[in-house]
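Contents: one structure, followed by commentary.
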Amino acid sequence: MAALNRDEGFARVTAISGPPGVGKSALALQAAYAVADRFPDGQLYTDLGDVESPETLMRTRRLLTGFLTALGEPAPAPTVSTGETAAHFRSVTAGLCLLMVLDNALDAAQVRPLLPTGQHCAVLVTGRRGLALDHAQHLTLDPLTTREALELLAELIGARHMAASPEAAEEIVEHCARLPGAIRGVGELLSGRPEWGLDHLAERLRAGSGRIDDHSSAGHGLSSWLRAMYESVDRTDPQAAQLMRALARRRDPEITPAIAAELVETSPAAAELLLDRLSDHRFLNSLGPGRYRLPHVFHTLSATLG
């Protein structure tokens, strides 16, 4: 939050990056709420959806129009271009003290037209990848420590359940790659199926390809989270999503371009590009040149998607 208080002669931008489910959006919103009183001209929020489409310019214009009307400005005429709308937005915000939250950005190009110019404005941007934005302060979020992950799970299911199966609890949070989003999904799953217990859930997660919810509402939390993560890749990069789905079916978490090439019937060079893109999306951990690892939680994906 200290970055939001700097006065540098231009809009202050803080870019928060990290893997899916690590808590980027939650942190941005928490920070925005904490400093709201320091921005008397208000706050603007939009979910960019981590998506790219052929209508990107039109979507940017719609977002800018929404920002302008929220600030009390008339909507631009239909004949006004996206560039002219962006210029008008910069002009309007030049004298404001405004806080913006741009959530789930795909890349810097998606963000730049939406940035205000006022030196008393501040912007919080979240995205899976680091964003090359001028003068931005960058913050990368890592997964929780094991202790933090266990504390979060205890908050969700209660200390009594944790004490009954401490080893299973640790196995579950490691399976979730210590990502808050996945752990919260597990908490919702166990709340809906209290008869399962930690030992039973750990066993099912360990099986990898075994179903964890049988498509019932009781398991909606973890399955919903996994499906949302997959669909976010599928919207922006269907080829990478196809590979991700194939990787989820493998029991061995380590992957090379040669293995990936066999899975999606392409060349090793093309497969390596797909692996790099999944790594950019933060769904794979890079272990070094030509070596990758899929976090355990995503091995459950094949059961979720069917």
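In what follows, every heavy atom counts, from backbone to side chain, and hydrogens, waters and symmetry copies are set aside.
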- Is there a side chain to side chain contact (heavy atoms under 4.5 Å, CB included) between L48 and V111 once you walk through the steps? CA-CA 9 Å; L48 297 174; V111 170; 4.3 Å; yes
- Message: For E151 and R147: C-alpha separation, side-chain torsions, deciding distance, then whether salt bridge (Lys or Arg N to Asp or Glu O under 4.0 Å) applies.
- Response: CA-CA 6 Å; E151 288 174 350; R147 179 178 177 179; 3.3 Å; yes
- Message: For T146 and E174: C-alpha separation, side-chain torsions, deciding distance, then whether side chain to side chain contact (heavy atoms under 4.5 Å, CB included) applies.
- Response: CA-CA 7 Å; T146 299; E174 291 300 330; 2.8 Å; yes
To the nearest 0.5 Å, what is the distance between [atom1] ([X]) and [atom2] ([Y])?
{"X": "I183", "Y": "E155", "atom1": "CD1", "atom2": "CD", "answer": "10.5 Å"}
{"X": "F298", "Y": "R245", "atom1": "CZ", "atom2": "CZ", "answer": "15.0 Å"}
{"X": "S279", "Y": "L274", "atom1": "OG", "atom2": "CG", "answer": "12.5 Å"}
{"X": "L179", "Y": "M229", "atom1": "CG", "atom2": "CE", "answer": "9.5 Å"}
{"X": "F283", "Y": "Y230", "atom1": "CZ", "atom2": "OH", "answer": "11.0 Å"}
{"X": "E171", "Y": "L201", "atom1": "CD", "atom2": "CG", "answer": "9.0 Å"}

[X] to [Y] - nearest heavy-atom pair and separation:
{"X": "L152", "Y": "P180", "value": "CD2-CA, 3.8 Å"}
{"X": "M100", "Y": "L102", "value": "CE-CD2, 3.9 Å"}
{"X": "A32", "Y": "Q43", "value": "O-NE2, 3.0 Å"}
{"X": "A28", "Y": "L124", "value": "O-CD1, 3.5 Å"}
{"X": "H281", "Y": "R128", "value": "O-CD, 3.2 Å"}
{"X": "A271", "Y": "L243", "value": "O-CD2, 4.4 Å"}

- Residues E188, R184: salt bridge by 4.0 Å N-O rule: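 So E188 does not pair with R184 through a salt bridge.
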Between the side chain of [X] and the main-chain N/O of [Y], is any donor-acceptor distance below 3.5 Å?
{"X": "S191", "Y": "G187", "result": "yes"}
{"X": "R291", "Y": "T256", "result": "no"}
{"X": "K24", "Y": "G18", "result": "yes"}
{"X": "S286", "Y": "Y292", "result": "no"}
{"X": "T93", "Y": "T117", "result": "yes"}
{"X": "S91", "Y": "A87", "result": "no"}

Check the surroundings of atom [atom1] in [X]: do more than 12 heavy atoms from other residues, nucleotides or ligands lie under 6.0 Å from it?
{"X": "E195", "atom1": "CD", "result": "yes"}
{"X": "E262", "atom1": "CD", "result": "no"}
{"X": "H88", "atom1": "NE2", "result": "yes"}

Side chains of [X] and [Y], heavy atoms from C-beta outward: is any pair under 4.5 Å?
{"X": "V186", "Y": "C176", "result": "yes"}
{"X": "S17", "Y": "L131", "result": "no"}
{"X": "L139", "Y": "L27", "result": "yes"}
{"X": "R61", "Y": "V80", "result": "yes"}
{"X": "I157", "Y": "M162", "result": "yes"}
{"X": "R250", "Y": "I259", "result": "yes"}
{"X": "L96", "Y": "L71", "result": "yes"}
{"X": "F89", "Y": "L114", "result": "no"}

- Message: With side chain to side chain contact (heavy atoms under 4.5 Å, CB included) as the criterion, how do V123 and L133 come out once you've worked through the C-alpha distance, each side chain's angles and the decisive distance to 0.1 Å?
- Response: CA-CA 11 Å; V123 185; L133 296 167; over 6 Å; no
- Message: Checking A109 now: which residues fulfil side-chain contact (heavy atoms from CB on, under 4.5 Å) with it, not counting sequence neighbours?
- Response: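 With neighbours one apart ignored, the set is D107, R112.
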- Transitively linked via ILVMFWY side-chain contacts under 4.5 Å: L273 with L275?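 Looking at the clustering, L275 is in a separate group from L273.
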- Message: Assess the residue pair D199 and E203 against the criterion (side chain to side chain contact (heavy atoms under 4.5 Å, CB included)); give the C-alpha distance rounded to whole Å, side-chain angles, the decisive distance to 0.1 Å, and a yes or no.
- Response: CA-CA 6 Å; D199 289 317; E203 182 180 349; over 6 Å; no
- Once the angle between the rings of W196 and H200 is folded into 0 to 90°, is it parallel (under 30°), tilted (30 to 60°) or perpendicular (over 60°)?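 Correct class here is perpendicular.
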